[in-house]
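Structure first, then comments.
Just so we're clear, the structure is a prediction, and the values are computed from it rather than from any experiment.
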Amino acid sequence: MTDPHALKIADAVADLLADPDTVPVSPRTTTTDRQQLAYGPLGIALLHIERAAAGLGPWQRAHAWLAAASREPFTSGPDSHPFYGAPALAHAVACAAEHQPGPYQRALLHLNAQIDRDVHRRLDAAQRRVDAGALPELGEFDVIRGLAGYGAYLLHRDPLSPTLNRLLHYCVRLTEPVSHNGETLPGWWTSSGPSGRPDERFPGGHANSGMAHGIGGVLALLALAARHCNTVGGHREAIRTILAWLDRWQQGTSPGVAWPYWITRAELREGCSAPSAPRRPSWCYGTASLARAQQLAAIVLGDTRQQVAAETALVAALTDSAQLKATTDNGLCHGFAGLAHVAARTAADAHPSTAGQLRAAIPGLLAAVCPPGTAPATVAKALVQDEKAGPGFLDGAAGVALTLIAPATVSSPLSTWDSCLLLA
């Protein structure tokens, strides 16, 4: 069942963000945040690329935003990462090139060569870290700044590429336990806090579970690579290792189960995690994206029980008033629009016993973003002019509009814009 109201709001947002030269937002969007996929013009370009691919808008808008983003050279090399600089530009250009190959092929060849160099440089550094017996930093392997994010791009550029193959070997190695200061830790244990910096609240570091910054992103990458028939030695064993870790630390909620955002050294020593108040089940952290990652993993393992358990956990999270109350914004990263998109992606692959329940949860999530009876232009204007969230991709109006399209039309994205989130 489609949702015309949600689509009208997405249309209205796209119209307000039609022209980078006249868009009614802070000039920061096209200056300070120019190279940021999360906040800048590249995320707005993704909205227009998806709409053009679906026949909902003109390609000229996408071209205009990509041109606005690339008026000056992009950062590459050590100062760039999947959501900043040349790799971020490559993701947007690749999404456009799937449908408009002619204008973008030369730029994409140059960007792809740079990304291959950057990935090999990062993998060389990771090997030196392993050889030195040191723990990884979150930015080594996570989706936003690290190798899982690069893997997301490589997977959709060429699922069988040698560069991706080497990166997958690294992911398998990351799941192997390590000995550090006399204790056995999972290979993705970091000595920092969740911010990636030393934090006195996390003495001894932590193991991060999230999709954006933790092992959830690595699990999703390994599962999606296997789905594309690219597996390396120990691949499925690595998937099972991560699944076993998540099983070990899952917590019961009144309607189902949830996963802590991270595990501290004290919790690891005690063998149990401290109970917490209900947390939002978002893409960046929490049950929504972890359930999707576990569903994908279970599918490639042929484990129907695990698949249904993951899907049931997502249904519970999306219908739990306490977890929904903890969700306080509309954005893609940790808001209601993101939940609707994760639910739609998960429902498309779901077991018959849970698919209907997942689809049934989507209208309520869309209603939180698009209250019935509200004027689409009014909602769109509020989204675009929200100074805190901004007009961009992860938190702002462009991301909200993107996430409304697939759930509202009961179809999958046509431009793979969400591949950078490792949802598909």
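- Residues passing the ring-ring contact (aromatic ring centres under 6.0 Å, His included) test with Y170: none are found, sequence neighbours excluded.
- The minimum heavy-atom distance linking P159 with N230 is given by the pair O-ND2, 2.6 Å.
- In this structure, H334 has no ring-ring contact (aromatic ring centres under 6.0 Å, His included) partners at least two apart in sequence or on a different chain.
- Among pairs with a residue in residues 395-408, none fulfils salt bridge (charged side-chain N to carboxylate O under 4.0 Å, His left out), at least two apart in sequence or across chains.
- Side-chain atoms of H228 come within 3.5 Å of backbone atoms of L224 as a donor-acceptor pair (strictly under, hydrogens ignored).
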L16/L383 under side-chain contact (heavy atoms from CB on, under 4.5 Å): CA gap, chis, key distance, verdict: CA-CA 10 Å; L16 288 173; L383 288 169; over 6 Å; no
Table please: side-chain donor-acceptor pairs of residues 103-113 below 3.5 Å, with sequence neighbours left out.
residue: Y104; atom: OH; partner: H63; partner atom: ND1; Å: 2.4
residue: N112; atom: OD1; partner: Y153; partner atom: OH; Å: 2.4
residue: N112; atom: ND2; partner: L108; partner atom: O; Å: 3.3

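- Between the OG1 atom of T190 and the CG atom of L138 there is a distance of 4.5 Å, given to the nearest 0.5 Å.
- At a threshold of 4.5 Å between non-hydrogen side-chain atoms, the residues D199 and S192 do not count as touching.
- Within the structure, salt bridge (charged side-chain N to carboxylate O under 4.0 Å, His left out) pairs that include any residue of residues 139-150 comprise R129-E140, D142-R145 (at least two apart or interchain).
- Residues P194 and H213 form no side-chain contact, since every pair of their non-hydrogen atoms from C-beta on lies 4.5 Å or further apart.
- Pairs of residues two or more places apart, or lying in two chains, that qualify as side-chain hydrogen bond (donor to acceptor under 3.5 Å, both in side chains) and include a residue from residues 306-322 are Q295-E311, Q307-E311, E311-T354, D320-Q323.
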Can you give the donor-acceptor pairs under 3.5 Å from side chains of residues 34-43 to other protein atoms, not counting sequence neighbours?
residue: R34; atom: NH1; partner: A69; partner atom: O; Å: 2.7
residue: R34; atom: NH1; partner: E72; partner atom: O; Å: 3.0
residue: R34; atom: NH2; partner: P73; partner atom: O; Å: 3.1
residue: Q35; atom: OE1; partner: T75; partner atom: N; Å: 2.6
residue: Q35; atom: OE1; partner: T75; partner atom: OG1; Å: 3.2
residue: Q35; atom: NE2; partner: T75; partner atom: OG1; Å: 3.2

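- The aromatic rings of F393 and F83 lie tilted to each other, with the angle between the two planes from 30° to 60°.
- Around atom CD of Q385, more than 12 heavy atoms belonging to other residues, nucleotides or ligands sit under 6.0 Å away.
- The CD atom of E50 sits 8.0 Å away from atom CG of L56, with the distance rounded to the nearest 0.5 Å.
- Side-chain contact check for L246 versus L219: some heavy-atom pair is nearer than 4.5 Å.
- The residue from N208, V178, T184, L268 that alone fulfils the side chain to side chain contact (heavy atoms under 4.5 Å, CB included) condition with W189 is L268.
- Here OG1 of T31 is found 7.0 Å from CG of D33. Values are rounded to the nearest 0.5 Å.
- Not a single donor-acceptor pair under 3.5 Å links the side chain of W245 to the backbone N or O of S209.
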Show, in sequence, the C-alpha distance, side-chain angles and deciding distance for L404 and V13, and conclude whether the side-chain contact (heavy atoms from CB on, under 4.5 Å) test is met. CA-CA 11 Å; L404 293 179; V13 169; over 6 Å; no
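- P413 is listed as a side-chain neighbour of H341, based on a closest heavy-atom distance under 4.5 Å.
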What do the steps show when you test L167 against L221 for side-chain contact (heavy atoms from CB on, under 4.5 Å), and what is the final call? CA-CA 10 Å; L167 194 155; L221 175 62; 3.7 Å; yes
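- Residues V384 and L17 are in side-chain contact: their nearest non-hydrogen atoms beyond the backbone lie under 4.5 Å apart.
- Of the options T346, L365, I362, T287, a side chain to side chain contact (heavy atoms under 4.5 Å, CB included) to L318 is made by L365 and by none of the others.
- Contact check for W65 versus L46: no side-chain heavy atoms found under the 4.5 Å cut-off.
- Within the structure, side-chain hydrogen bond (donor to acceptor under 3.5 Å, both in side chains) pairs that include any residue of residues 84-95 do not occur (at least two apart or interchain).
- Between the side chain of W59 and the backbone N or O of A96, no donor-acceptor pair lies under 3.5 Å.
- Of the possible polar contacts, none joining the H169 side chain to the G233 backbone as a donor-acceptor pair under 3.5 Å is found.
- The CG atom of L314 lies 10.5 Å from the CG atom of L290; values are rounded to the nearest 0.5 Å.
- Note on residues 114-147: no pairs pass ring pair (Phe, Tyr, Trp, His ring centres under 6.0 Å), not counting sequence neighbours.
- Two residues are said to be in side-chain contact when any heavy atoms from C-beta on lie closer than 4.5 Å; M211 and V342 fail this criterion.
- Listed for the T32 side chain is no donor-acceptor partner under 3.5 Å among the backbone atoms of R28.
- The distance from atom CG of L89 to atom OG of S70, rounded to the nearest 0.5 Å, is 6.0 Å.
- Residue H99 comes nearest to S415 through the heavy atom pair NE2-CA, 3.9 Å, listed as atom of the first residue, atom of the second, then distance.
- The two residues F336 and L324 come nearest to each other via the heavy atoms CZ-O, 3.6 Å.
- Among residue pairs with one or both ends in residues 160-180, those qualifying as salt bridge (charged side-chain N to carboxylate O under 4.0 Å, His left out) are D124-R166, R173-E176; sequence neighbours excluded.
- Of all heavy-atom pairs spanning P281 and A288, the tightest one is O-CB, 2.8 Å.
- For the atom pair CG of L301 and CG of L243, the computed distance is 6.5 Å after rounding to the nearest 0.5 Å.
- Using modelled atom types, no side-chain atom of H180 and backbone atom of S191 make a donor-acceptor pair closer than 3.5 Å.
- For residues 277-326, the set of pairs meeting the ring pair (Phe, Tyr, Trp, His ring centres under 6.0 Å) definition, not counting sequence neighbours, comprises Y261-Y285, W262-Y285.
- No side-chain N or O of E267 forms a donor-acceptor pair with one of S273 less than 3.5 Å apart.
- The stretch residues 384-393 participates, sequence neighbours left out, in no salt bridge (charged side-chain N to carboxylate O under 4.0 Å, His left out) pair at all.
- The shortest distance between side-chain heavy atoms of V218 and L174 falls below 4.5 Å.
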Walk me through whether L339 and T327 qualify under side-chain contact (heavy atoms from CB on, under 4.5 Å). CA-CA 10 Å; L339 292 180; T327 304; 4.2 Å; yes
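- Taking every heavy atom of both residues into account, L66 and A45 meet most closely at CD2-CB, 3.9 Å.
- Formation of a donor-acceptor pair under 3.5 Å by the T175 side chain with backbone atoms of V172 is found in this model.
- The two residues L366 and A340 have their closest heavy-atom pair at CD2-CB, 3.9 Å.
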